[in-house]
Structures are given as structure tokens and as C-alpha cells.
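Structure, as C-alpha cells:
Chain identifiers are assigned alphabetically (A, B, ...) following the order of the sequence lines, protein sequences preceding nucleic acid strands; residue numbering begins at 1 within each chain.
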Amino acid sequence: MECSLDAQSLISISLRKIHSSRTQRGGIKLHKNLLVSYVLRNARQLYLSERYAELYRRQQHHHYPEGAPLLAMPACPPPPPPPPPPPPPAVPAELPALPLPSEQDARSCAALRGGAELLEVPGCAAPAACRDSAPGFYRANGAGAAGGGGGGGGGSAAPGLLYAAGCDFGSGGAPHCSSRTTVLDLDTHVVTTVENGYLHQDCCSQCPCCCQPSAGLPSAPGTKRKYYPGQEEEEEEGVEEGEPGGGGVAGGPPFAPPCTKRARFEEYSAEHPQDSSNISNLISIFGSGFTGLVSRQQADTEQPLNGQLCSKQALASLGAWTRAIVAF
Amino acid sequence: FSGAGGGNDIQWCFSQVKGAVDDDVAEADIISTVEFNHSGELLATGDKGGRVVIFQQEQENKSQSHSRGEYNVYSTFQSHEPEFDYLKSLEIEEKINKIRWLPQKNAAQFLLSTNDKTIKLWKISERDKRPEGYNLKEEDGRYRDPTTVTTLRVPVFRPMDLMVEASPRRIFANAHTYHINSISINSDYETYLSADDLRINLWHLEITDRSFNIVDIKPANMEELTEVITAAEFHPNSCNTFVYSSSKGTIRLCDMRASALCDRHSKLFEEPEDPSNRSFFSEIISSISDVKFSHSGRFMMTRDYLSVKIWDLNMENRPVETYQVHEYLRSKLCSLYENDCIFDKFECCWNGSDIVMTGSYNNFFRMFDRNTKRDITLEASRENNKPRTVLKPRKVCASGKRKKDEISVDSLDFNKKILHTAWHPKENIIAVATTNNLYIFQDKTN
């Protein structure tokens, strides 16, 4: 089908829609946001397959020291044992040569509990320090991850996540991170496409190639984070049990609005755990931000939904993107 | 039906238009629902401002036998007000999502109107007499000095100017977490259902403090949410049967006798997707925006973004007919996504079981005759506002050389959309809502 927009533009448009839905009268529309998330997924699949194709093409022409495409994963603190990675849904047929990780290779960054999987672009593998991670695709499958344990623990995993975004595979020269990241800053309500975007302060210090400051990042280190501890975006318990509504109860609070944002993003990240580069970072952030919001142990005490409330844990695990995500 | 179906094509004529002439549309005036009552004598509209306006058809005038009575304003009232949920910092829109009439049981009329969260039962009654001649009271209501009362008088009813009063009789609140998209009155005329994105509740019209949840598709883990309920309707004859449509393009038929919670459908209607039509927006355009049973109850019609499908209740694996409403938009989905038009929810309606009608853009609306397989595109516009002027069929030129009188896709006005249409239950009279105007068309008699 002809489309005048490329995947990246579709993604920014979609994110803008999701963002503006927050301020629309009547509350967030679950249906519309669900549909937008499908477009996001489809655009990402296209983007992914295009990147895969490009990777493969480049791979054909480059020699990698260990004969394997490397995904530079910054060292994470020992994460919880990862669930087995699912088969990659979007891997095109022409990439059979890329080894898939074995179970122990796939580490789940705890912060990615929500199922964001990370496909890192080979090329930043050069720094040796980054190679302590598994060769092959790095995958952290948290789709449907049980238990809320890992929710907040991946403090330094996030940096890796962010870092993953953008490494290009420079042909043996100084690797550099260059890529476009679609960024939605919920403070200024601006969607921008950031070149060489990554957060310096969150970047894994062991990956020199990424420890370069980049322009265009909206957050500065040490930015004060806003969060509202204690409550989560969860449907009000009373809603589900007390279905029979209290007609005529004066002042009875209407039922909690849907957890649209969480639902949507978690569905997004859970369904499509394979991520790649820029877009995946943003989405993974949202995904992890959200799953951090809903840890299992808290699921029993569902609390009134408030779009501005996030769990302290999740926020602690995120970098300076926190403010942006919190608002979602 | 005079001239309906068969070999006689209906010739539609402009009859009336209601609403402001202004191009500048106030948001509150945007019409959000249109519904005839069971006799067709009353026509109700709801708008974004939470108001309901009811039109009544004039009694047929013997001297004007060539046209049926006109519709004039009968009653106007504020059904819903905006509410604010302070706990969640959420505003609840007053927009009327749906109006459904109850069949008439006595002199008064009853209708259900709903916004996103609350359903209300309204009684519309007439008062055309008032008591006069009280013994103890003056005409203005003040009590007379008892010592001046020397005779006994019994009040009598005297005619007065007709007054139509609307009063809320029941308020069904606090039962929906998500946004209500449908209400449907059961054929038992005692119960009705209300559906939001994830749940369907069953109410008794007399009981407001409780409802029964009969469908719940909310997943235990919202991460797994993949579809929402988009519309629901009771079967016109079987009081135990209802259907609901989903954002994935499926329709489920449920039988309330099977279990209390109808999460498991009795029938699932789904047509496999055509892989050659796959696009970024496949999921959006397959989302069903409306579902309606035919009057007989044998068929149902669904509307998705580009087409209308007729389903036979006895066949689940594909529709019996599919009609393209505006296929020329398929190549424009990207722009329609950008400007949000792709999310427009078009409704559809039946004329009995033979002809179906639905809206489109540029103030066009479309009719499909199931018997003759002919279709027509008409326009609701003030330019054709001479009564009894037969509407000229319109045509959109998808590509190539545009013929005279055709409109090219690129000059369609996507801000002029017809989302809501209604067909008189007994006659060939249709009500078509543009953004803020209501058009009434009739077929050409004699």
C-alpha cells in the first residue's frame, strides 16, 4: 500500500496522537489508543525489517573479530534469570546467519520487565568491555514476565537500553553513535527527532563509543524527577467487583478511567519484544516505565488510576527520561 | 413500502433541514446521534453539548397529500451535563453518544440517552390542559382568605397551549469504567444493555442501583489487551440474544441462557483478512464502528471504515454481501490517519431488510439495495433545498479523467462527514445528520 510517510514519521505521528489524547476532553480513549498502538507496531515492524536488511547487507561486507555480529551490551548488574527468548517475529528470512542467543546469553535487563526486547546494532561491539555480553542478538524477553520482582531493580539496565539505540556500524573506524531517535518530551509537549540521541549520563560507561555527548537531548543530568510514589495506574478495584453501579448515589465517584496508556504500551512491548535501535528505545522506555508501574505485589491493591502517578521503583530505574515517562 | 426495493428505485427528495446556516460550527451543536421512535412520528437528535432535540411529524394534511408531514421541534432539553471526576482529574463529556426510544405504552414517550458514563431514562409528556377554578386558591396559586369563600367550586380542566415536558425518571450511573458506546433495549421492553470498551451490562429499566455484567473482555493483564468492544445490540425478536462487535472486525453473538456471564460466544462472525490489502492501517480500518440487525432479525449489518457487510446469522465464516462505501479512500489512508479521519465512526441503518444506508465524507451518504444490487450516492447540502427536488446522484472520480459532475477524491471535504443516519421505521423518510444540521429526505410520492 502506498504511503507517503516512512516508518519513522508514522511513529512520530502516532506518538503525538497518544500524547495529545491525554489532554483531550473526556479522558483517554482506550479504543483509539489501541488502534494507534497497532500502527506503531506495524511501523516498527517495517522499520525493523528494513534495519535487519541493512544490517545483513553490511554484515556481508564486514569482518567481525569473533565471527559473530556483536551486540554491545553494557554490563548490567546481574539480572534475574531471563525467560527463554521467543522466536523473533520479524526477522526476515535472509538473516539466518545471525546467531540467536542461547538462554544464558539473553540477559534480561530487569527494567525491561515489560517485555521490551533489545536488538542492538552491531558495530558498537568494538569496545571490548561491551563484549562481555552475549554475542548474537541480545534479547530480554519479558513478555508476560511473571512476578513483579524485577520491576525496579534494573537501575543500570536502563542505560544500556538507552545506549542500544544508536550505534551504527562504522566500518572499523571509530564507532560512533548516530541514529535518529523519535523523542516525545511530555514536559514541553514536543515531538522531536533527535540525531545521535542518547543520554550521556545514562549511557553505559563501559562503552566508550557511546560516551559522547550528544546534542538535542532534552534532559540534563541531575534533573529533578517528579514522581508520585505509592499509587499506580491501575484500575480501581471497586470498579471490577462492584459492577452493579450505585445509581443515584450522589457524589459517588465514577469508575476509574481505563489504564489506556499502560495497556497500550504494555501490549505493544509484550507483543513485540524484539526491538531495534531508536524506536525500540522509546517504546521500551514506555514499556518498562509501565511495567514498573504495575508490579505484581501491588496488583492486589488496585488503586485509583491517576495518569500522573508512577511507582517510585520504576522511576528510579529510568534515566533522565523519567519526567517524560511519568506523565504518561 | 411504496417504491421500495424491487424494480422501483426510490427517488429521494429534499424535505427539510434543521440547524444553523453558519459555516462556523459551535462544537456543542455537533450532532452526535439520530433516532426515530417506533412509530416514526418522533425524531430525536443528541449533540455534543448534551442536549436532546425531539422533532414531531405533523399530522398529514389532507390538502398536501403529496408529501408527508413535516417535522417540527417538539421538545428540547438538556440531558447530560459535563462532569468532573476530581479524584482522577478527568472530565466526563456531556456528549450524547446514543439515544434509544422505548415503545410507547401510554400517553407519554420514553427514551434512553447516554453519555460516556451515565444512562438516563427520560419521560416526555404533553400537557395541554390545566385545572382552573380552584375553590380555595386564586388563579396565581395564592390561597384566598377563607372568610371570603362563600360558594363551592370544583376546578375544571381547560385547554392551554401545548407544553411538552421532559423529566428524568431514572439515572443509571456508576456502572462503566470505560466509555459507553452503545445502549440497546431488549425486545422484552423491560431490560436493556449498555456496552463500553470492555464490558457489557444488563439493566432493568426500573432498577438503577444495580446491573448485571454479562460480558467482560478485560484481560487479567492489561498488557494482553488486543481488542475492545465497539458496538452491541439486542436481537429484535429473541430476548435472550445479543451481538457485540470488536475493534478487530469480529462479531460475537451471545445467548444469555447459556450462562450468566456471556464471555463465551455462541457464534463468532469473522471474515479472514485479505492479505493483499495489508497495510499499516489494516487494524484500524477493520474495526467495526456499528452493528445493526435487520428488522426481521435474520441478518445483521456491520460498518467498518471502508465497507458495509451483511451477515446471515446462520453463516459465521464470511458475510453474505459486502458493499464498498468509499473504496477510493484506501490509497489515502495515510493522510486520513494524520488528520484523524480514519478514526471516524460511521453508523449504518436498515430499511427493513432490503436497503441499507450509511454516510461518507463531503456530506455524501450512500444506499445499497440488496435486491437490485444497485447503489447510489447522494449529498446532503443546502444547495438542493427546494422541497420535492429530486436529489441528483453524485459520483466520486477515483482516478483518471474526471467526468463532468464528478468530484475528484482530492476535492472531497473531509470535515463534512455524515456519521449518523436514520430511516423511518415504516416509510421512506430518512434523517441524515451533517456536522450540525439535520436533513430530512422523503421519497417522491406520486
Rounding to 0.5 Å, atoms NZ (B:K248) and OH (A:Y38) come to a distance of 4.5 Å
The salt bridge (Lys or Arg N to Asp or Glu O under 4.0 Å) partners of B:D290 (sequence neighbours excluded) come to B:K292
Interatomic distance, CZ@B:F280 vs CD1@A:I11, rounded to 0.5 Å, equals 8.5 Å
Trace of the side chain to side chain contact (heavy atoms under 4.5 Å, CB included) decision for B:H179 with A:H31: CA-CA 9 Å; B:H179 294 122; A:H31 183 201; over 6 Å; no
All heavy atoms of A:G27 vs all of B:L90, minimum pair found to be CA-CD2, 3.6 Å
Smallest heavy-atom separation, B:E283 atom then A:N42 atom, equals OE1-ND2, 2.8 Å
Does B:Y337 offer a backbone N or O that forms a donor-acceptor pair with the side chain of A:K17 under 3.5 Å? yes
Turns out that what part of B:K120 lies under 4.5 Å from chain A's heavy atoms comes down to neither
Q: Would you please test A:L30 and B:L225 for side chain to side chain contact (heavy atoms under 4.5 Å, CB included) and show each step?
A: CA-CA 10 Å; A:L30 182 62; B:L225 181 73; 3.8 Å; yes
Within residues 339-346 of chain B, contacts to chain A at heavy-atom distances under 4.5 Å involve B:D340, B:F343, B:K345
SG (B:C334) and CG (A:D6) are apart, to the nearest 0.5 Å, by 9.5 Å
* Less than 4.5 Å apart, any side-chain heavy atom of B:F281 and any of A:L10? -> yes
In this structure, CD1 of B:I285 is separated from CG of A:L35 (nearest 0.5 Å) by 11.5 Å
Max heavy-atom pairs within cutoff under 4.5 Å with chain A, candidates B:N115, B:I229, B:D116, B:V228, goes to B:V228
**Request:** Please indicate whether B:E27 has more than 12 foreign heavy atoms, meaning atoms of other residues, nucleotides or ligands, lying under 6.0 Å from its CD.
**Result:** no
Applying a strict 4.5 Å limit to non-hydrogen atoms, the region of B:S247 in contact with chain A is both
One should read off an interatomic distance between A:R25 CZ and B:E93 CD, to the nearest 0.5 angstrom, of 5.0 Å
So, the part of B:T118 with a heavy atom under 4.5 Å from chain A: the answer is neither
